[in-house]
Structure formats: C-alpha cells, structure tokens
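Encoded as structure tokens, the structure appears first; notes follow it.
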Amino acid sequence: MITFASVGGAIVRALHLSASMTWEVLWALILGFTLSAVVQAVVSKSEMSRLLPDDSPRCLTIAAALGAASSSCSYAAVALARSLFRKGADFTASMAFEFASTNLVIELGVLLIVLIGWQFALAELVGGVIMIVILAVLFRVFLRPRMVEAARAQAERGLLGVMEGHASMDMSVAEGSLLQRMRSREGRIAISHYFVMDWASIYRDIAIGLLIAGALAAWVPNSFWQSFFLVHHPVLAKVWGPLIGPAVSMASFVCSIGNVPLAAVLWNGGISFGGVVAFIFADLIILPILNIYRKYYGAKMSLFLLGTFYGTMVVAGLIVELLFDALHLIPSGRHARVVEAGITFNYTTVLNIVFLLLAAVLVVRFLRTGGPAMLRMMGNPPTPAGGADQEHVCPMHPDIRQRGPGRCPTCGMDLVPTERAPNAEHDH
C-alpha cells in the first residue's frame, strides 16, 4: 500500500533532481541567452523578407543564417515565419528559417554541451542543416502552388497565435561595425531587452521541462526506458529511436530548449543517439504549435506540415545516427551528469555567481530603459496602423511621435495610435 510518506518522498526527490538540474545549467542558460541577445541586437529583422524571395540554395542558406541569429522561442519563431511569409518571403524559405531558429541557435548548443555532451551539440547543428535540405526537397516534390496560395490567403486573415508581439519587435542596430553596434548605447539597450524578452518567452517551457525531467528521473525506472527504446535489440533501436523520438516530444508539450533536460533523461534511459536528436528537433510539432499552424495556414497545410516535418525529423535523426556512428562520435556511456548532480560549491557554483551578476546588470538596464512597457506587448499582435492623419507613438519610447503610421527609429517597433499606447516611464 502506497503511503503518504512514500508519495511525499517521491515528490521531494523529483523536486530535488529538478533543482539540481536547474543549478547545473543556470550559467549555461544565461550565457546562451546573452550571446543570442548580442546576435539579435546586430541582425535586423526588417530586411528578412526581402532576402528570402525563393527556395534556391542561396536563399535557404540565408534563411538558416537568419534563423540561427534569432530567438530560440518556438512560438516566436513560428509567428515570425508567418510574418515573413505575409511580407512576401517564399514559403519554403520561411519554414527553413523556422527550423533554424529552434535548432541552430547558440543557447541550444551551449545547453546541450553542459547537459549531455558536445557530440549532441554537433549533431544538432549537422542535423539542423540536413533537415533544411530534406525539407526543401520534400516541399519541391509535394508542395503544390495552390496549397501555398490557400496558405497565403489564410495567413492574410491575421488570426492570432502566440508571441505575436515578440516576433514583430526589431531593436537591432544597423550602423557601424559589429563591435561598434554592441558597444553603442542603443546596442547595449537592445542586448538587455532581447535578453529579458527571450527569458520571458520560454521560461515556462524551461521550468516545465526541468520539472518533468526531474519527475521522470525520479519515478520511472531505467528498465522501463530500456524496454520502451528496445535497448536489447541494437539494430532495431537505431531505427526505433528516431521514429518514436518526435512522438514522445509531441506528447510532452514542451518546446524550445525546455525539452533538452528531457532529452538527457531519455538518453540515460536508453534511447538511441539519433532518437535524442529527433526528439529535440520535434519542438516545432508539439500539439499547441500544430494548432497555431491550423490558424495561420489552414487545416490542410497544418496536416501537410505535420507529415513533412515529422518525416524530415525522422530521416535527419537516422542520418545523424549513421553518420556519427561511422565517425565513432557517439558517446559510449549514458551518464548525463545533470540527472545525478547535487548543489555543491564547485566550478558550477562560481560560474553561476558570475553569470547571475551579468544577468542582474542586464535586467537593471532593461528596467531603466523602458523594458517593462515592451515586455507587456510581447504576446500582443501588432496594433492596426490607424488613420494617416492620426498621431502615432512608439509604445516603448513615448517621445517618438508622428502623424500617421511608421516605425520607431530607436527600437524598430511599429508606431501605434496614441490612445492605444501603454503608459511607461523611460530613462533617456
């Protein structure tokens, strides 16, 4: 008979493992988000659609590079991909951008290195490129022009998804060298804002992922995972892992980098190397995002995206498995130390203290430069432009005003009619 004491002990153990994981990866998360914020601060969103007119190799390469320079939030990536499509970007290029923005971003690689190992970070990079190539081929073969036209008509309806406001914000600095952009006042402000907004956009997924990972590590015995992932049938396991990995990801409802702790638990449990990679890829087909595809592009296109995305992730996972096996790059041990970690004073503690101080500096700058007003608009869609003679104002910088719609020269946000702008105090 299960007692309250045993249930309570299991919960405490799960929470302890979750806390240990959080402490182990905290510095890596802060480092990853800081580097991502720096990149976003010097890469403009405003010209993206112009750079993606077709599905040529050159445009797909640009799409991958732009995606790698964007936020890792899956919801923001999906919203921005639709925005690019509505502004005239090619549909295939928009989806390539979406893939890159969740699989080729800096913070994902940093977290994978800390939790599981550099081999997985390299596999995610190689697999992300392979996925974009496979996706382009599948779209070229199976995607019909009438489907794209129907998707564009649905996209023009502007139905709301998630993180619409975050996807529309562009605070990048365009003038000067990269170092000058980063060191400028506008660049430092942009870095602090992107840092906080990226955290705000996916902290729930990170928290949920850590809690689920802690619970699975504490409550599910390795014998179950070994049976589920066919560990005792090595050849079948190499195929089964990439096939089942995306399905497990879909069922977890966790997206962005929040599924990396779960990947560590699955790796310890026995899933194949390619299965881990395919699992991480699948954050773009979890059920809430599939529902957003339905709103954005229609039911038929959402099913098409589910089928092609799933197939792309499975095949990419299999290729990565075979390639890394041939190169002897698959780790021989299954000891993701994050699962076993405890909170002690060691180099991790020192790194956490250093990077927490860095985070504090960025948050203070964010608060002192009108960040809260922008944060409130993260989940809101861009406000309709209003009349040509109506006074418009920047939601973040209320001193920026003009007659008619436009964009703020400081942060790149769309100006909104004055009666719709939030009140906020700003330090200029």
Side-chain angles (χ1 to χ4, degrees), residues 21 74 99 102-104 108-109 111-132 134-135 209 212-213 215-217 220-287 306-339:
M21 288 186 228
S74 302
F99 267 40
T102 59
N103 293 295
L104 302 181
L108 176 62
L111 195 59
L112 282 169
I113 291 171
V114 173
L115 270 84
I116 319 181
W118 63 268
Q119 297 94 333
F120 290 89
L122 179 61
E124 196 70 16
L125 175 62
V126 173
V129 174
I130 292 172
M131 276 203 304
I132 291 174
I134 295 173
L135 185 73
I212 294 177
L216 292 178
V220 180
N222 276 344
S223 58
F224 170 82
W225 294 123
Q226 291 171 0
S227 175
F228 184 71
F229 293 128
L230 307 179
V231 170
H232 302 297
H233 304 277
V235 176
L236 285 177
K238 291 180 182 296
V239 178
W240 177 243
L243 281 171
I244 197 62
V248 175
S249 183
M250 291 175 65
S252 74
F253 279 68
V254 180
C255 67
S256 304
I257 61 176
N259 63 3
V260 178
L262 298 179
V265 174
L266 297 181
W267 173 247
N268 274 8
I271 192 173
S272 67
F273 185 82
V276 172
V277 174
F279 171 84
I280 297 172
F281 286 157
D283 61 338
L284 287 175
I285 55 172
I286 64 171
L287 298 180
L306 171 60
T308 53
F309 283 12
Y310 200 110
T312 295
M313 294 161 186
V314 170
V315 174
L318 286 169
I319 292 175
V320 167
E321 174 81 38
L322 296 174
L323 177 62
F324 277 59
D325 189 24
L327 296 175
H328 305 290
L329 291 177
I330 297 178
S332 57
R334 295 179 178 270
H335 307 290
R337 61 188 177 89
V338 66
V339 176

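- The stretch residues 229-248 participates, sequence neighbours left out, in these side-chain hydrogen bond (donor to acceptor under 3.5 Å, both in side chains) pairs: K238-E321.
- Taking every heavy atom of both residues into account, I280 and L112 meet most closely at CD1-CD2, 3.6 Å.
- Looking at I319 and I134, their side chains come closer than 4.5 Å, going by heavy atoms from C-beta outward.
- Remark: of the listed residues S249, P246, P242, P246 is the sole one forming a side chain to side chain contact (heavy atoms under 4.5 Å, CB included) with M313.
- Although no hydrogens or angles enter the test, the distance criterion places a donor-acceptor pair under 3.5 Å between the side chain of T312 and the main chain of T308.
- A distance of 11.0 Å separates CG in L322 from CG in L327, rounded to the nearest 0.5 Å.
- Between F228 and W225, the two ring planes are perpendicular [angle over 60°; tilted spans 30° to 60°].
- Using a 4.5 Å heavy-atom threshold, the side chains of F273 and D325 count as separate.
- The CG atom of N259 sits 9.5 Å away from the CG atom of L111 when rounded to the nearest 0.5 Å.
- Every side chain to side chain contact (heavy atoms under 4.5 Å, CB included) that L122 has, sequence neighbours left out, goes to W118, V126, F324, L329.
- Considering only residues two or more places apart in sequence or on other chains, A247 meets the side chain to side chain contact (heavy atoms under 4.5 Å, CB included) condition with I244, Y310.
- Each salt bridge (Lys or Arg N to Asp or Glu O under 4.0 Å) pair with one or both residues in residues 263-276, not counting sequence neighbours, would appear here, but there are none.
- F309 and F99 have their aromatic ring centers within a separation under 6.0 angstrom.
- Applying the side chain to side chain contact (heavy atoms under 4.5 Å, CB included) test to L306 and every residue at least two apart in sequence or in another chain returns M250, I285, L290.
- Under the rule for a side chain to side chain contact (heavy atoms under 4.5 Å, CB included), P234 has no partner lying at least two apart in sequence or in another chain.
- Contact record, V276 with A263: CG1-CB, 4.0 Å, taken as the closest heavy-atom pair.
- Interatomic distance, CD of E124 versus CE of M131, reported as 6.5 Å (0.5 Å rounding).
- Note on ring orientation: taking the six-membered ring where Trp is involved, the planes of W267 and F120 are perpendicular (angle over 60°, cut-offs 30° and 60°).
- The two atoms that bring V320 and G127 nearest to each other are CG2-CA, 3.7 Å, heavy atoms only.
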